[in-house]
Each structure stands twice: as C-alpha cells, then as structure tokens.
Amino acid sequence: MTHLIAPSILGADFGNLQRQIEMLNNSAADWIHVDVMDGLFVPNISLGFPVIGAIKKHARKPLNLHLMIVDPDRYLQRFKAAGADHILVHYEACTHLHRTIHAIKELGCLAGVAINPHTPVALLADIIADVAIVLVMSVNPGFGGQQFIEQTYRKISELKSLSDKSNPGLLIEVDGGVSPQNAAKLIAAGANVLVAGSFVFAAEDQPAAIWSLKNI
Ligand code: DX5
Ligand code: ZN
C-alpha cells in the first residue's frame with residue numbers, strides 16, 4: 001500500500017482557514033488531520049466544534065480527528081455531528097478504551113487509538129484488532145513544531161509486527177516532527193500515514209511540500 005499524507009491543520013493560518021482547506025483539497029493530501037486539545041490532557045487549547053464544522057463545510061477529504069482530551073466519551077456524538085470521519089482517542093485518556101472504540105464505530109467513524117512517546121506498543125495487544133488506525137506520537141502532544149523523537153522508528157517497527165499478526169490492514173499513523181528528513185525511514189519501518197504540521201504550513205509552496213512527502 002502506498003502511504004497517505006495528513007497535513008495537520010494546527011499549523012495552518014486560521015485567519016484564512018477556507019483558503020487553507022481549499023489548498024488541501026487541491027493538493028496531494030489524503031486526509032485533513034485536526035488536533036483537538038482541552039488544556040487538561042495536554043497543556044494547550046486548540047479548537048472545538050464550531051471550527052471543526054467550518055473545516056468540514058469546505059473539506060473534500062476525510063477529517064482525521066486527533067482528540068487530546070480527557071474523557072472523550074462525553075463528546076463522541078458531537079464530534080461526529082461536527083464532521084469527524086475518523087476519531088482517534090488517546091490510550092492514556094481512556095479508562096474503558098474498548099468501550100470507547102466500539103462507541104466510535106457505532107457512530108460510523110473509523111476508530112483509532114493514539115499513544116504518547118512513553119507508552120509501549122505492547123499495551124495495544126488486546127485492542128489492536130478492534131481499531132482501524134494506531135497513531136504513534138513522535139513528540140509529546142500539545143504543540144506543533146517540536147523535535148522528532150528518535151525512538152519512534154523502533155516503536156513503528158514493533159507496531160508493524162503486532163499488526164502483521166493481529167490486524168494486517170491496520171493504518172499506522174505517525175504524528176510530530178515529520179519531514180522529508182525522517183519520512184522515508186518511517187515508511188520503511190511500517191508507517192503508512194504521515195501527519196505533518198509545520199513542515200507543510202511553514203513552507204513557501206505548501207502543495208509542493210505535501211507532494212514532497214507523498215512522492216517518497
Ligand atoms: C501535536 C499534534 C500534531 C502537530 C504536528 O500535539 O498532535 O498533529 O500538529 O505538528 P508538527 O508536524 O509541526 O510536529
Ligand atoms: Zn495530531
């Protein structure tokens with residue numbers, strides 16, 4: 001399978017959101033990655049339902065919602081109503097992860113789980129068969145523009161082995177500090193979805209930056 005690109009809207013110019021979404025519509029991007037932060041699970045607050053709805057209004061690509069919030073169960077229905085196509089919750093934020101994943105699937109969304117840099121891949125053994133996506137954080141969540149953590153390559157390889165055994169169709173998404181410097185090595189380790197925020201949106205030519213990640 002060829003890999004997918006999910007530019008992270010957190011890096012976009014929010015004053016020109018419609019223009020930024022249209023740029024993504026006309027680019028090689030496959031998904032639009034949307035980071036939701038609550039100021040509790042992570043030390044930052046990003047965007048909520050009205051902005052997700054505004055993105056959805058213009059987007060012609062699936063919204064890949066990355067929830068960095070505590071107790072996501074309370075809001076799943078509202079994220080779906082706002083326009084989520086995929087909903088990813090953090091392993092560290094869910095006491096009853098199996099229940100949460102199934103609630104996401106019942107809403108008709110692709111369900112995923114995200115893990116922080118300190119969370120071992122092995123902890124996913126009993127949930128991997130139930131999810132469509134695992135997102136491996138390659139920075140500590142909360143902010144764009146951080147430095148890529150090198151142990152991510154090993155975690156991606158471990159996840160690839162686990163998925164070969166238990167869920168061969170799994171989408172392995174990597175998020176944080178992704179650029180052409182590490183993209184080929186991440187894909188070789190088993191990643192098949194690359195999230196990129198600052199690399200894409202800080203570029204002079206944003207569609208070309210997206211293409212440079214796609215064309216690897
Ligand atoms: C960080 C977010 C990321 C972020 C990536 O908590 O989950 O999606 O936007 O941005 P870059 O690519 O700049 O690290
Ligand atoms: Zn993210």
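Numbering of ligands and ligand atoms starts at 1, following listing order. None of the values given here were measured: they were computed from a predicted structure.
Contact residues for ligand 1 (protein heavy atom closer than 4.0 angstrom to any ligand atom): Ser8, Leu10, His33, Asp35, Met37, His66, Met68, Met137, Pro141, Gly142, Phe143, Gly144, Gly145, Asp175, Gly176, Gly177, Val195, Ala196, Gly197, Ser198.
Between the CE atom of Met23 and the CZ atom of Phe201 there is a distance of 4.5 Å, given to the nearest 0.5 Å. Between the NZ atom of Lys155 and the CD1 atom of Ile115 there is a distance of 4.0 Å, given to the nearest 0.5 Å.
Within His33, NE2 is the N, O or S atom that lies nearest to the Zn ion (ligand 2). For Asp35, the N, O or S atom with the smallest separation from the Zn ion (ligand 2) is OD1. Considering just the N/O/S atoms of Asp175, the one nearest the Zn ion (ligand 2) carries the name OD2. Nearest N/O/S atom of His66 relative to the Zn ion (ligand 2): this is ND1.
For Ile128, the side chain to side chain contact (heavy atoms under 4.5 Å, CB included) partners at least two apart in sequence or on another chain are Leu159, Leu162, Ser163, Ser166, Asn167, Leu170. Residues passing the side-chain hydrogen bond (donor to acceptor under 3.5 Å, both in side chains) test with Asn25: none are found, sequence neighbours excluded. Looking at residues two or more places apart in sequence or on another chain, you find no side chain to side chain contact (heavy atoms under 4.5 Å, CB included) involving Asp126.
Crowding of Arg154 atom CZ: a count of heavy atoms from other residues, nucleotides or ligands under 6.0 Å exceeding 12.
No side-chain donor-acceptor contact under 3.5 Å links Ser46 and Asp35. Using a 3.5 Å distance cut-off with no hydrogens or angles, the side chains of Asn64 and His86 do pair a donor with an acceptor.
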